[in-house]
Structure formats: C-alpha cells, structure tokens
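Below is one structure, written out as structure tokens; the observations come after it.
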Amino acid sequence: MEGQVIPIESLRFEDISLWHDGGHPVLKNTTFDFPMGGVIWLKSDEGAGKSTLLNALAGLHNPTSGSYVINDIDVVPMSFEEFLPYRLSIGYSFDYGGLINNRTLRDNLLLPLLFHHLCTPEQAYVRVDEILQRFEITKYAGERPAHVPGRVRKLVVVLRSIVTYPSFLLLDDPSVGLSDDILSNFVSWIDEAREAGRLSTIVVSAFDDKMVRPFDHTIVALEGHQLFVGSQVEKRVANL
Amino acid sequence: MSWMFSRIDNMGRFLTTNIEYTINVVLMVYVSVRAAVLDRAQGFRQIFSVISAQIYFTGWQAVPLISVLALAVGSILMLQALSNLTLVGGVEVLGSFMIAILVREVAPLLTAIVVIARSGTAVASEVGTMRVNREIEALEVMGINPLSFIVFPRVVGGLISVLCLSFYFNVIGLIGGYFLTKFFHEIPLGFFLDSLANAFSKEDILVFVLKNSFSGIMIFVVCCYQGMLVKKSPHEVPQVTTQAVVTSVIYVTVFNLAVTALYYLSQLQKLGLV
C-alpha cells in the first residue's frame, strides 16, 4: 500500500460559514460535532445546500470562514497534497455526473485504486470485477459512460465511491435513478463492509428515507443555516 | 470633467482586469508544475501517456496543414523577394531575407495560430466539458490533482509540439519553398544554402526558442484556464472556447512583437545606431 490513508475518527465544524457558488448562504457561524460511527441522514428543504455541505465535508468546497476540524486538526488551510491522506479515506458519490468520459466503466472503477497504488494491479482487477459481477453490470464494463443507460452510469458513480474501501462515505442522492433491487444489494454491501470493520460513518443526503430506512440512522437537519441532530430539531419544533 | 474621469476609470478597470488575468495564468503555470512535482502517486508512465497523446493530436496531426502552409508561405516569400531583389541586383541577400521574415517572424506566429485553432480550441472545450460533467470534481474526490493530471501534461505536450512544428515549418518553408520557386526562377541550390548559412546566427536560435516556448506554454495554459472557468452549464463551453482563442492570439502576438522589437533594438545597438 503506497498511498497513505488517515482514517477519519472525528468531524467538527467550528464557527463555520459556508456559501453556495451561486452566492447563497448554506451555514452561518455554525459549530457542530458530527455523530461518528453510524448512518447519518442529512435532511433539508430543496436548495438549502445539502450538496454544498457534502462537498465541504469531502474537502471540495472551502468554507468562507471558520474551521473544519478532522481528528482535531483544522484542514481548511491544508494544500491538496496535505489533505490527500484524509481524502483517501473518504468515498464520495455525486448526485449526477462525475464519471470520466474518455475511460470505460471498468477503468473508472480502477482509476483510484491504480493511481494511488492502494493495492496491486491484480488485486484491483479482481476487486473491480467482483463488484461489477455483484451488481450485474459486467456486460457494460468495457463501455464508456456515454454508451450505457443512465441507471448504469449512476450505479457506477455510487460503486466508485466504495471501490477504495473508504471508512467515511458521503452519498449525495444515492437512490435517485436506481431500482429497489440494486439499492437493496448496495445496502447489503454496506452491511458487510461495516461488519468487516472497513466502513465506519455514512452520510446520506436525500429528500426521502429510501436509502437510510434499512439502517439505524441519525437525522441531521440543515435548517436556518444551522445544523441540528434529530432530537434537537424536535425540541425546536416543540418550542415554537 | 466627468467624461475624463469616466475614461480614466474605464482604462483603469481594463488594465487591472487584464493584469489580474495575466497573474492568474502565470500562477497556473507555477501551480501545475508544483502539483506535478509534488504528486507522488502520479507515475512517469501516466504523465508520459497524456503527454504523448497531446503530442500526437497537437503535433503529428497538424503536420499536413503545417506542410501546406509552410510550402505556400515559403514559395510566396521567395518569389516576392526574388522579383524585387532581382530588380535592385541584391539576390545575394535572399538568405538574410528568408531568415528574417520566415524563421524569425512568420513561422512562430503561423505555427502558434494553427495550434490555437486546432488544439487550443479542443483543449478549452474538453476541459470545459469536463467541468460541466463534474469530471474535475471527480478527480479531486479520488485524490487526483487535476492540475498535475490534466493541465501539466497538456502544457508539456503543447510545448514540445509547438517547438517541433515550428522547426518543421522552417524546414519545409525554406527547402520546399526553394524547390517550388525553381519552377519559376532558376537559383542554384548551393548558392541558396550558402546564403542561408551566412545569414543564420546564434541569436536566431534564441528567438526561435523564446517565441515558440512562450507560445507552446501560454496557448495551453490559457486554454486550460478558460476551460476551468466553466461553472456548471454547457452553454458556457463555447463562450470560454472563443475567449481562449482571442486571449491566446493576443498573448502570442504581443509577445512575438515584443521579442522582435527587442531583437532589432539589440541589433541597432550592436551597430552603434542607438
């Protein structure tokens, strides 16, 4: 294993402000400790900034102020190379797009494994072929993204987020475009990975509970540019 | 008075915007080289495969167009030079004329314009489309730095291609031009080659390397930079591509003009005229 991976044990926003690219605030002076070691359902109204928040958690979008603390270290001032060991333990699935168009689906899945030498090339091919077989898309393996059905593209984006065996998984609208059979297969994969101790925390951003229903999950609500865990949201509603 | 301040304001805005843009472009050269050097995972094989693909598309595939252009320009320049120099009895300066016009001026400029038209547009639209399809974000998520994975190999491939194409332009322009001109005008090959050899100086190598290296680097950095400016919508791709062409042409032309002006200033200084 050549790529150095630092497992993510704690995540904390400290007085963070986060803005959309379009110029709308997502978070304002928010301090929040993410509950680790389980499944988190990130909920909000449409357009409140769930995807931007997931981007920030993946280190793709920097906050305008405040600190994003991973394992008690502020990662905001880090360069791409300094953040890389954390990034390698994060799996991220896009809500749309995100496949490398001039590579086949198999090469898309192989890319992170081979680029960072996370395993030997032989192990990488075996791992990718197992995943392709399990989700019954082997016949599309040699095709480029533009030549396969939309549901296959979406599935490969989701699968690429797990191919490196990340300990921290971020899923942006994972159920959109996927059939119930594929979702249940994916849920089984997550269960197996958690039992094997490979996967620790999963954050799912979705407008419905289709993906998180099978799991014992915590709700984190994005409301009024602040974050609340489920019980706090209920308290807030009760106090209104 | 207000019209005067308004004009000064506009001029200031124009200047600051362009200076800021130039700083960003130069910064991109630095950060892409830095990313490539610091990227421990990206092996030489991976970079080399992208560089060789870029050389194939930018260099090799442009050879037919460059051949036609070089032949045409070489012959036109030689025919025009001969028809005028014969009148004044100065055929012996044919070599100096061809070196000054073709090698120092026309070849770097035309090569750069061909590369901008063929490959600069392709790179700007490719990178812009990658932004729209979120491929750049996907690379970042996978821990692959887009600057070392996309920008650096394209710039290096572009630099090598422009240097080779410009050299090829000179060879075809001079030798091919000579053989085409022979249909209309008899000049001994030995006389022509001697004339070229006498006119050629080591400063010509410096001018060649300076002009073509700048073009090779700037065309591809500007085109990658413009592509990266796309936010989310496909309608931005043709806009940034057009802007990439305009900006690249301006940078290349201004730099070529500056080098030429400095070169002739230094020549005049050598002669003690300045």
Side-chain angles (χ1 to χ4, degrees), chain A residues 1-6 20-23 51-52 54-55 57-62 79-103 108-118 144-146 153 156-157 160-161 163-164 166 169-170 172, chain B residues 27-28 30-50 52-54 56-57 122-123 125-154 227-234 236-237:
Chain A
M1 259 230 346
E2 209 170 277
Q4 194 202 352
V5 182
I6 299 178
H20 267 304
D21 282 337
S51 296
T52 309
L54 279 197
N55 276 343
L57 283 171
L60 293 175
H61 191 113
N62 268 347
S79 67
F80 189 91
E81 293 79 22
E82 287 166 336
F83 188 66
L84 186 61
Y86 300 98
R87 189 164 261 150
L88 291 180
S89 67
I90 300 173
Y92 187 100
S93 162
F94 292 92
D95 50 349
Y96 70 92
L99 287 180
I100 309 299
N101 279 317
N102 62 1
R103 287 175 185 252
N108 264 279
L109 294 173
L110 283 168
L111 182 60
L113 294 173
L114 297 180
F115 189 90
H116 295 290
H117 313 285
L118 295 172
R144 290 193 169 145
R153 279 201 292 272
V156 174
V157 172
R160 199 182 53 199
S161 70
V163 78
T164 54
L169 189 56
L170 299 164
D172 196 357
Chain B
L27 206 62
M28 195 164 186
Y30 166 72
V31 290
S32 62
V33 172
R34 179 189 176 277
V37 171
L38 292 181
D39 198 334
R40 288 182 202 149
Q42 182 163 292
F44 176 74
R45 256 181 73 179
Q46 252 158 341
I47 293 185
F48 184 74
S49 71
V50 185
S52 51
Q54 193 61 52
Y56 175 75
F57 292 123
V123 166
S125 56
E126 181 194 17
V127 176
T129 310
M130 287 180 87
R131 284 283 294 185
V132 172
N133 292 331
R134 304 177 82 179
E135 293 176 58
I136 306 284
E137 277 174 90
L139 288 173
E140 281 188 58
V141 157
M142 288 187 272
I144 301 170
N145 194 336
L147 290 168
S148 62
F149 194 74
I150 293 172
V151 180
F152 180 75
R154 277 165 180 75
M228 293 279 189
L229 288 182
V230 171
K231 297 268 186 255
K232 281 185 175 175
S233 174
E236 296 169 52
V237 176

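A note on names: the letters A, B, ... follow the listed sequences, proteins ahead of strands, and every chain is numbered from 1.
Residues His20(A) and Thr52(A) have side chains that bring a donor and an acceptor to within less than 3.5 angstrom of each other.
Only the backbone of Leu99(A) comes within contact range of chain B, with heavy atoms under 4.5 Å apart. Only the side chain of Ser79(A) comes within contact range of chain B, with at least one heavy atom under 4.5 Å from a heavy atom of that chain. Contacts of Tyr92(A) with chain B are made by both backbone and side-chain atoms, with heavy-atom separations under 4.5 Å. Only the side chain of Arg103(A) comes within less than 4.5 Å of a heavy atom of chain B; its backbone N, CA, C and O stay farther away. Neither the backbone nor the side chain of Phe83(A) has a heavy atom closer than 4.5 Å to any heavy atom of chain B.
Among residue pairs with one or both ends in residues 85-101 of chain A, those qualifying as salt bridge (Lys or Arg N to Asp or Glu O under 4.0 Å) are Asp95(A)-Arg134(B); sequence neighbours excluded.
A salt bridge does not link Arg131(B) with Glu236(B): every distance from a Lys NZ or Arg NE/NH1/NH2 to an Asp or Glu carboxylate oxygen is 4.0 Å or more.
Every ring pair (Phe, Tyr, Trp, His ring centres under 6.0 Å) that Phe149(B) has, sequence neighbours left out, goes to Phe115(A).
Here the straight-line distance linking atom CG of Asn108(A) with atom CZ of Arg144(A) works out to 10.5 Å at 0.5 Å rounding.
Residue with the most contacts toward chain A among Val132(B), Ile136(B), Asn145(B), Leu139(B): Asn145(B) (heavy-atom pairs, distance under 4.5 Å).
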